[in-house]
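When reading the values below, keep in mind they use all heavy atoms of this one structure, side chains included, and skip hydrogens, waters and symmetry mates. Numbers restart at 1 for each chain; the letters A, B, ... are given by sequence-line order, proteins then strands.
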Amino acid sequence: VSAFEPIKVVHVSLDEPLAALPVEERYGQVLLVVERAGRMLGRVSLPALPVVPAEVQRDAITQELGERVWEDGFREALARACGATRRTGLPEPTVSVVVCTRDRPDDLERCLASLEQLEQRPLEVVVVDNCPSDERTREVCDRHTVRYVLEPFPGQTRARNRGIVEARGELVAFTDDDCVVDPRWLNGLAVELEDPLVMGITGFVAPVELETEAQAMFEAHGGFFWGYQRRVVDGTQVDPATTACTLGAGANSIFVRRLFEEVGLFAEDLGPGTPARAADDFDMYWRILAAGYRIVFDPARLIWHRHRREQSALRRILYEYGLSSSAYALRRLVRDRELSALRVLTWWWFTHFRHDVAAILRGRRLRIPLGYALREVWGTLMAPWALMRSRRSRRGIPPLELPPAPPPEPAPFKVTGAPPPSISVVIPSCNRCDLLLDLLRALAAQTYPAEAFEAVVVLDGSTDRSAEAVRALDVPYRVNVVEQVNAGVAAARNRGIEEAKEPIVLFIDDDIIPGRACLAEHATAHAEAGPNHVALGYCPPVTDGGWWAQTVRAWWEDHYRRKLSPGHVWTYVDFVTGNTSMPRELLRELGGFDPAFRVSRDDWELAVRLFQRNPSFGFYPGTAAKHYLNTSLEGAVRLQRKIGTLDVILTRRHPEFVPHLPIANATGIRREPTERELSGGLAKARLLERMRARGKWRAVSGRLLWRAYLRGVLDGVSSKEDLTALVGPLHSQPHSTIRVQLDGAAAFGGVATEALELELRLDGRSLGRVGNVTQGGQWDADQAIRRLESLAWPARAELLEAELNGSGAGTLRAGAGVDGD
Amino acid sequence: MATRLLDLELSNGGSLPDVPLRYSRIRLLVQFHGIPLGFVDVENGRGALDPSELSATALRYLERQAWAASLARHLTVADGQGGERAPVTVVVAGTGAGRRLERCLTAISAQRHAADEVLVIDTTGLDGEAFAVSRRAGARLVEVDRRGHAAAWNRGLREARTPIVAFTDDRCLPDSGWLGSVLAGFSPGIDAVTGLVVPAELETRAQEVFEDGFAGLCMGFEPVLHSSHTGGIPYRPRYYGVGCNMAFRREALERLGGFDPAVEARGGALGAEADVLQRLIESGASVAYRPGAIVRRTHARANRALRRELHADARAEAAALAAAFGRAEGVERWRVASAYWDLIWRRHAAVLVRRAFRRGQPPRRCLLAGLLGGLVGPATYASSRVFRSFRSADPSESA
C-alpha cells in the first residue's frame, strides 16, 4: 500500500486569471477549493506536479465543475432578468465576534490574526478563555485588540453563553480557535437581515490543511461538508428536528442577538467539554426552526478549519459525533416529543454505518478503519448514559442570565421640510375594550405632538361598555367616540371618515398597538410625498408560538418585505387597511369603503377604485406597530369561510377580478364541504400539531382552509350551477403572460398579481413557460426565479447554442484528413 | 456500407461537402475552437446536409462537453503560463510505401508549430521512394536493420538532439495544431504527453469494426493527468496513449532505458509505449493525455490485418502488465493481477461468452484473437526477455 502523501489545499477564484501553482515537494495531491463571485462552486483534486500549470487547473475545473458553473451562471442571469436586485445602502449591522478557546494559544494567535483581516470590521472581538490552566491565552489577547473574558466553568457552550452575555453587537458571530476566517466572512450581512425572520446564518467550513492521514480521512469521511448550494431554511416549511442536523457547523455560525432573548441561551449540558461532547449547534438550530424562524446556509461565508492531526483524535472525534448527534436526537424525542428525531438515529445505524462498511469493502482510499466505524455506532448507543451524566455535571453551576436589551428609544419628532399635516386616527372597534384602551394609551405616548392629531373611535355595536371606559380615559389628545349599531368594519370606517376633522386619515384597528414613532412617521411621509399619497405602515402579527401563528407571521413578514424591494410594482394586493394613512378628501371622493364587505376584502375592493385615481404609494417600516391578530387555526377557518362568501360578492361587482382570486379554481366541486368535515379537519390538525408532525399538519391545514373557503363560496351562491355561470366564462379568459428576457435586465420587478404564466425568453425565442403561478396571492421576483429555475434543464440545449453562437454560427468544414485516397 | 468522416467546427463558418450515397453514415468529429468534443453519428440521407441542424444535433449529444469547452474559453489564464516551448524532434517510424510517408511528412511540415528536426526511421520496410520523399520534405532518413517500432523509436531517441521528442508513424496524419498542443502539455513533473487518435477513414468493414466494436484507439475527449499520486499507481497501460501520438522528455526516456522491444508484438498499434508509460508513472512522473493533440490514423483495412492488430495490441498490453507484475510488490501485485483479469475476462472472454448466444458486434473471431493475445502475452514477453538476454551478449546490438 502506498504511503499517505499530504494534500495541499488551495483557494481558487474564477474571477481572476488562473495562475501556475507551485507545489512543495512533500505533497502528493492538490485540492482546489473553487469559488466564483463569492459563491462556492466545489472542489477539484489534482496530482501534485512541481508546478501545476494554469491549463491543467482549467481543464480539471471545466471537467469537474462545468455543470455547476453553468447552473450558477444561469441563476445569476435569471436573477438579473427578474430584477431581483437587493436593496443597497442599508446600514451594516454591528457584529460581535466571539471566539471560545481553551489552552490553545498558538491556534488562537492565527485565528485572531485572520480576524484582523476581515473586510467588514466587527464591532468587537470577544475572546472567552474557558477554564484556563495558565496565562498564555491572556498574553495572546494582550497582543491583539480584543476583549478578554474569563469563564471559570468548563464547557464550550458555557463559554459561548458568556460571550453572548458580554456581546454588545446586534449580531453574535461564533468561530473556534482552530479556525481561520476568510476576509469576506462578514460581508453582506445587512442584505441577509432584510428578512426579519432570519435569525441564524451559517457557512462553509473548509480544511485549512490536509497534512496528515487523519485530517484527509476526516475530510473524505464527510468533514464539515453540507453542500455548495445557498439555501434559506424556513422553520415553517421543513421538519426542524432532522433539518437542524444539515445546516452547517457551529464553528461558522452567526446569530441575531435578540434571538437568545426569545429562545434562550445555548444548552450548557451539550457541547464540547461536557459528557455529551457536541451537537450544541444542532440544538440551537432546532430551536430557531421550531420557533418558525429562518436560517440561511450560505457557502460563500467561508471559514478554514484545522482538523485534528492525530489518528487518536480522529478516532475520538468520530465517536463523539456519533454520541452527540444521538444525544441531540434523544433530547428532541424525549423532551419535545419530536418523533422525526428517530430518523437521526436510524440514519446513523442504517445509512451512515452501511456507507462506512461499503467504503471499507470496496477498498476506497482514505476510508476510515472498521474500528472507527464501530466506535461511531457505539457512540450512538452510549448517548442516553452520556446525556444523564452531562446533566448531572451541570449541577451547582449557576445559570447565566441574559440582560434584557433596553427598548429602542425613538428619535424625537422634528419638522424638517414642509409642516406635517394633522391626523385623524380612525379606530373601528367591537367588543375589545382592553385592547382598545391599550391602543389609546399607546397613542398618548406618541412622539408626534398630541395637539396635531385626534382619535375617532367608532364603536361598532360594542356591548362591553367600551364607550364609558374610553370617555373616562385621560389622554392629552382629542378623542371622539362614536357609537353605531353593528354594521361591519367597513361601515365603521366610513363613519370614522365622516367624523374625521383633519386632512389625513390613519386607520388603526382595535387590535393594533402602534409604536411610539408611528404617527410621526405617517405625518412626515405625507409632508414629503405631497398630496394624493397613500402611506402604508408596518404591523407584523404578534405570535403565540402555534404553528398557524408562525405561518401567518411568515406570510405577513414576506408581504411587508416585498413592498420594500427596489422596483416594486404596486398593486391592490399591497393595500391593507391596518396602519395605513391617506388624505381624507381622496377617501370622500371614492365614497369610502363598500359596507357589503363586513369582515374582509374591503381593502382590495377600495384599492381597485383607488388605483383609478393614480395615487402614489409608499411603505414606511418606521411606523412599526404590533398586531394582536387572532392566529388560531380555528379563527383562520372561520375567516376563510367568510372570505369565500365575500369573494362571490366581489366577483359580481368586479368581474375583472376573478382570475386573481382563489374562486377561479372553485369550479367543478365534486363533493361539497360540510360542517362536519371542517370541524373534523380542525380536530385532525390539532392532533397533528400535538404529535409534532409538521409536514402532515401543513398538508391537512392547507386543505382545510381551502375547503372552508369553498364552503364559504357555496354559502354565497344559490347552487353549483350558479357558481359555474359566475366564474366559468371568466375563468376561460386567456392567461396573461409575463415575459422574462434572459439577456435583458430587470424586465420584471416587484409584485405582479396579474401573472398567471411566466415565459422565459432569449434572443426573441421562447425557452419555456411556467403556468398557473399565482391566484391572488403574493408574488415577487424571488418566487419567479424559483419557478423559472425548473426550466433550466429543458432549455439547456438552446441556451448552449446561443452561448456558442456568440462567437459565430456553427457550421461544417470538410474533414482535414479525409481526401478519398 | 462505409462511414464518411467529417469535421464539424461549431465556432466558425465553412462549406459543406457532398457526401456520396455509398456512405450510409456520417461520423462528425465535433470541435469547438479546436477542442474536440466527441463523435456524433448521423444517417447519410438524401439531400444536402444542413450545418445548423447538424450543430444542434451535435449539441444535444455533447452538451456536457460543449459546456466544459465554452467554459474553458471563458476562464482566463494568466500570461506566460502556456506550457513549455522547448525545441522538438519528430520521429516518424516508416514501415510502408513512400507515398504514404510523403503524406505524413507533408502534414508534419504543415504544423503551426514547426518541428526543429524531423527524423524518418526506416525499419527495412520502406521502398526506394522513401529517400527522395524524405529529402524533399527536409527530413533526415535513418535506417535500422531491425524490424518493429521499439527499435525504430530507440534509434530515433539516440539520434535526436532536442529535449523533447515526439513520435508518430507513417500511417498517421497529424492535424496542424498537433505539435503545438503536445508541447503545451509539458510542464515540470509531466514527462510524457499523449493525444487523441481518430480514424482517418472508415471505408472498410474491418475499420468500422475496430472503431465501433473496440473503440479504436480513442482514449476519450477529456484531458486526463495519469499519475500515481491520486488513488495510487494505476495499472491501465491500454489507456495512457498510443505510440503514433506521443511525446517524451528525452532525458526521462533515457533514464528509463528507452523502449523495451520484448513488449511489442508485430502488426499492432499498441506496443512498447504501454510499458514505458507505465514505468514512467510508477517512477512518480505524470503523463498528460490531451485530446486537443489530434492524429488521424488509417486503420488496417483487411479483416485479417484487423485481427492481427487486435491480437498484437492485447499481447502488448498483457506483456506490459506482466512487466509491471515483475516490478510490483505486495498488495500492488494483486492490483496488477486484477488489471490483467479485467483484460482477459471483462474485455474479451465475457464478451465472447455473451456473443456465443447472441448475434451482433464485435465479431467472435476478433474477440478470440484479442483473448489469445492477452493469454499468450505474458509468456511471449518472458521468453522474449530470456531470448534477448542471450542476444544482448552480441556487441553489435548494444551500440
Contacts of residues 21-31 of chain A with chain B (heavy atom under 4.5 Å): A:Gly28, A:Gln29

Positions in residues 211-219 of chain A that reach chain B, provided some heavy atom is under 4.5 Å away: none

Atom [atom1] of [X] with >12 non-hydrogen neighbours under 6.0 angstrom:
X	atom1	result
B:Asp18	CG	no
A:Phe74	CZ	yes
A:Arg39	CZ	yes

In Å and rounded to the nearest 0.5 Å, what is the [atom1] to [atom2] distance from [X] to [Y]?
X	Y	atom1	atom2	result
B:Ser181	A:Glu55	OG	CD	10.0 Å
B:Leu71	A:Glu67	CG	CD	11.0 Å
A:Glu71	B:Trp67	CD	CH2	11.0 Å
A:Trp70	B:Arg64	CH2	CZ	13.5 Å

Smallest separation among heavy atoms of B:His229 and A:Pro47, with atom names: CB-CB, 4.2 Å

Sole residue of A:Val51, A:Leu49, A:Val52 in side chain to side chain contact (heavy atoms under 4.5 Å, CB included) with B:Ser187: A:Leu49

Looking at chain A, which one of B:Val198, B:Ile294, B:Ile190 has the largest number of heavy-atom pairs inside 4.5 Å, strictly under? B:Ile190

Applying a strict 4.5 Å limit to non-hydrogen atoms, the region of A:Gln63 in contact with chain B is both

